Amino acid sequence: MKPLRIGNFSGFYGDRADALREMLTGGEVDVLTGDYLAELTMLILARDRLKDPSAGYARTFPRRLEDCLGLAHERGVRIVTNAGGLNPAGLAAEIRRLADRLGIPVRVAHVEGDDLTAAYPGTLAAHAYLGGFGIAECLRAGADVVVTGRVTDAALVTGPAAAHFGWRPDDHDRLAGAVVAGHVLECGTQATGGNYAFFAEGDVRRPGFPLAEIHADGSSVITKHPGTGGFVDVGTVTAQLLYETGGARYAGPDVTARLDTVRLVRQGPDRVRIEGVRGEAPPPTLKVGLNRLGGFRNEVVFVLTGLDIEAKAALVREQLADALAKSPPREVRWELVRTDRADADTEETASALLRLVVRDPDQQVVGRALSGAAVELALASYPGFHVLAPPGKGSPYGVFEDVYVPQAGAPHGATPHESAPDAATGHVPAAHVSVSHVAVLHDGRRVPVPPPRETRPLAAVPDPPLPEPLPPGPARRAPLGLVAGARSGDKGGNANVGVWARTEDAWRWLAHTLTADTFRRLIPESRDLPVTRHLLPNLRAVNFTVEGILGAGVAAQARFDPQAKALGEWLRSRHLDIPEALL
């Protein structure tokens, strides 16, 4: 059977505006997927919906579609997107109005059932991560455009593949192969050289978007349209496979994919085959992402220039102590960032930054009193006093939390309405939260999507044996990044850092050297946090999970790099004793 060619045209809300047209005109493609949702995006859409109940979806998507809907229809390309966000029915209705106005006979369907906000009072949005079989139902019924709310990112690929090849829910290996391909595609140009550790090895000024040629057995080839920028090789695919994953078991609502079984084979220029992926029954629970207002934050960054940096920072802290003590914020965080250097030839490189961040449930506590106290220091503090920007009145920040509910919905005889909320949280107990996955077809019919008949609780996979160590030899102090790549990202308050070697000898050294204890030493911020290392020999990779390093998630802005996007590059810049044979 001919492979199904699935491409991506969006990796996030705000991605390149012309990507949809580029993917439609650049070569052969059967299905195009647009991934718009992330933890922070759900909070942004929830705040949009507070202002306008008809909002809650990615407003940019219909504008992109207006220019390309006719072209997609002419070429028979189906479009699947989670741009529906918190309001997939609303976006589907807007696309129908757009198609009617343009005179294009397009069948639009959507998927719903992920919204559990009513069961979690006090949240702005609570959404279950659904799988791909609702999408498959819509496509089997003839939809040209399928809009979803919160599904897993990989579901945008597993749904079309299941529909095309007739896969059943118990086709675990095939589904797992599609999950892996979907995970590679989901972040768009990150699979074609974007944000890549070894970016200098290709022209990544304007990477093309990726596509997967998916076969009936679940294997795939990752590639891109001819003539587009960037590049696809084993390294770019490895980097994206490690992104925002953890151990060997990569769980989803349809299947648990075994990342330790993935084999990557270069098939030629810009072509990498993914094969050998094994799958297991999915876990009995669904992840639910909860977004709520955490309170208000304010920030001021003082610029300290030249000599006596530490003394200047101490003076500011002492001067603001009284203001902070009068109405103490729940959280006060000072950070001195030593970006200065001695005998600098520019003022900027002679300067350090002292950052003050305060958080509290009460906007007044973090607002004008603090702002006034900081501004009043303008003529009464350290020499050279100035700030990067004046502090404001305090802005809201969000908090992300994940919980888990049964895939099969409420126990017999129980519904959320019949179950009393928990007295402490106001939430309906997870065991009584019902998830009703529904495909709403283009003709208005509603088709329930049943949960999987077979599930399997998650359990850690024992670490495989280590490879043989390298023989002893001379070593040189050098950056880790000379012999290894890395990519990092966020999952709620946790960060993951995937590190891979590009040669077998480098892997033998990496597996023995880069332990969890070594990671903690190289990344001092993680020393008091749980750090778990996962070995993935097929990928010549180690994947670290650092729990709690991001606080309450990206929207809480708990650290300098709130999504841990550059944590891997920081790790690569740290020095180790590296065998000279590898350098």
Side-chain angles (χ1 to χ4, degrees), residues 3-12 15 19 23 29-35 38 80 82 132 151-161 173-198 202 204 207-215 217-225 228 230-246 248 250 252 254-255 257-268 270-279 485-489 496 498 500 536 538-541 543:
L4 180 70
R5 290 174 63 89
I6 302 179
N8 173 279
F9 65 86
S10 174
F12 70 103
D15 213 338
M23 291 301 289
V29 67
D30 301 305
V31 179
L32 285 176
T33 64
D35 185 6
V80 179
N82 60 16
V151 296
T152 63
D153 300 338
L156 301 178
V157 170
T158 60
D173 290 347
R174 295 179 176 91
L175 288 167
V179 163
V180 171
H183 182 60
V184 174
L185 295 189
E186 70 185 49
C187 289
T189 53
Q190 278 196 172
T192 57
N195 300 351
Y196 182 53
F198 305 104
V204 295
F209 279 70
L211 61 90
E213 299 170 354
I214 299 182
H215 295 263
D217 64 355
S219 64
S220 63
V221 173
I222 306 298
T223 183
K224 64 185 185 68
H225 283 328
T228 56
F231 59 102
V232 177
D233 65 15
V234 169
T236 66
V237 175
T238 299
Q240 182 55 29
L241 271 179
L242 295 173
Y243 181 63
E244 295 182 346
T245 61
Y250 184 56
D254 297 323
V255 68
R258 289 290 298 261
L259 298 183
D260 55 343
T261 64
V262 176
R263 294 194 303 270
L264 303 180
V265 181
R266 184 178 183 272
Q267 278 205 331
D270 294 321
R271 292 182 64 82
V272 173
R273 180 173 173 81
I274 300 174
E275 61 186 19
V277 185
R278 300 297 302 272
R487 178 166 286 165
S488 56
N496 102 283
W500 77 95
L536 298 169
N538 279 10
L539 300 177
R540 294 197 293 235
N543 207 0

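From a predicted model like this one, the values you see are computed outputs, not experimental measurements.
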Exercise for review: Check for a donor-acceptor pair, side chain of His225 on one end and backbone N or O of Phe209 on the other, with a separation under 3.5 Å.
Suggested key: no
Study note, to complete from the structure: side-chain contact (heavy atoms from CB on, under 4.5 Å) with Leu156: of Ile6, Leu185, Val151, only one passes, and it is Val151
**Study point:** Within-4.5 Å side-chain heavy-atom neighbours: Phe231 and Asp270
**Key:** yes
Check your understanding: Which residues pass the side-chain hydrogen bond (donor to acceptor under 3.5 Å, both in side chains) test with Arg540, sequence neighbours left out?
Key -> none
Exercise for review: Would you confirm whether Asp153, through its side chain, and Glu186, through its main-chain N or O, come within 3.5 Å as a donor-acceptor pair?
Suggested key: no
Check your understanding: Taking all atoms of both residues into account, what is the closest heavy-atom pair of Gly279 and Ala176, and its distance?
Key -> CA-CB, 3.5 Å
Point to revise | Ile222 side chain reached by Val232 side chain, heavy atoms, under 4.5 Å | key: yes
Check your understanding: Salt bridge or not for Asp30 and Arg5, using N-O below 4.0 Å?
Key -> no
Check your understanding: Could you state the interatomic distance from NE2 (His183) to CG (Leu259), rounded to the nearest 0.5 Å?
Key -> 7.5 Å
Practice item. Could you tell me whether the side chain of Leu241 reaches within less than 4.5 Å of the side chain of Val184, counting heavy atoms only? Key: yes
Review point. Is any side-chain heavy atom of Lys224 less than 4.5 Å from a side-chain heavy atom of Pro210?
Key: no
Check your understanding: Roughly how far, to the nearest 0.5 Å, is the CG atom of Asp173 from the CZ atom of Arg258?
Key -> 11.0 Å
Review point. Considering only heavy atoms from C-beta outward, does the side chain of Asp233 approach that of Phe198 to under 4.5 Å?
Key: no
Practice item. Identify the two heavy atoms, one from Val157 and one from Pro160, that lie closest to each other, and give their separation to 0.1 Å. Key: O-CD, 3.3 Å
Review point. Donor-acceptor pair, Thr236 side chain versus Gly193 backbone, under 3.5 Å?
Key: no
Practice item. Evaluate the side-chain proximity of Asn538 to Val262: yes if any heavy-atom separation is below 4.5 Å, no if none is. Key: no
Check your understanding: CD of Glu213 to OG1 of Thr223: how many Å apart, nearest 0.5 Å?
Key -> 6.0 Å
Exercise for review: Determine yes or no for a side-chain-to-main-chain donor-acceptor pair under 3.5 angstrom, with Thr189 supplying the side chain and Thr192 the backbone.
Suggested key: no
Review point. With side chains defined as the heavy atoms from C-beta onward, is the minimum distance between Arg273 and Ser220 less than 4.5 Å?
Key: no
Check your understanding: Could you give the distance from CG (Leu536) to CH2 (Trp500), rounded to the nearest 0.5 Å?
Key -> 13.0 Å
Check your understanding: Can you check whether Val234's main-chain N or O pairs, donor with acceptor, with Thr238's side chain at less than 3.5 Å?
Key -> yes
Point to revise | Reported OG1-to-CD distance for the pair Thr261 and Glu275, which is rounded to 0.5 angstrom | key: 11.0 Å
**Study point:** Nearest atoms (heavy-atom pairs only) where Ala181 meets Ile214
**Key:** CB-CD1, 4.3 Å
Review point. So how far is it from Asp260 CG to Leu539 CG, rounded to the nearest 0.5 Å?
Key: 9.0 Å
Check your understanding: Which atom pair, heavy atoms only, marks the closest approach of Gly7 to Leu211?
Key -> CA-CB, 3.6 Å
Review point. Any donor and acceptor pair, going by atom type alone, linking the side chain of Asp254 with main-chain N or O of Leu175 inside 3.5 Å?
Key: no
Point to revise | Note, Gln190 side chain near Tyr243 side chain (heavy atom, < 4.5 Å) | key: yes
Review point. Can you tell me if Asn82 and Asp35 form a side-chain donor-acceptor pair at under 3.5 Å?
Key: yes
Exercise for review: Answer yes if the side chains of Asn496 and Glu244 hold a donor-acceptor pair under 3.5 Å, and no otherwise.
Suggested key: no
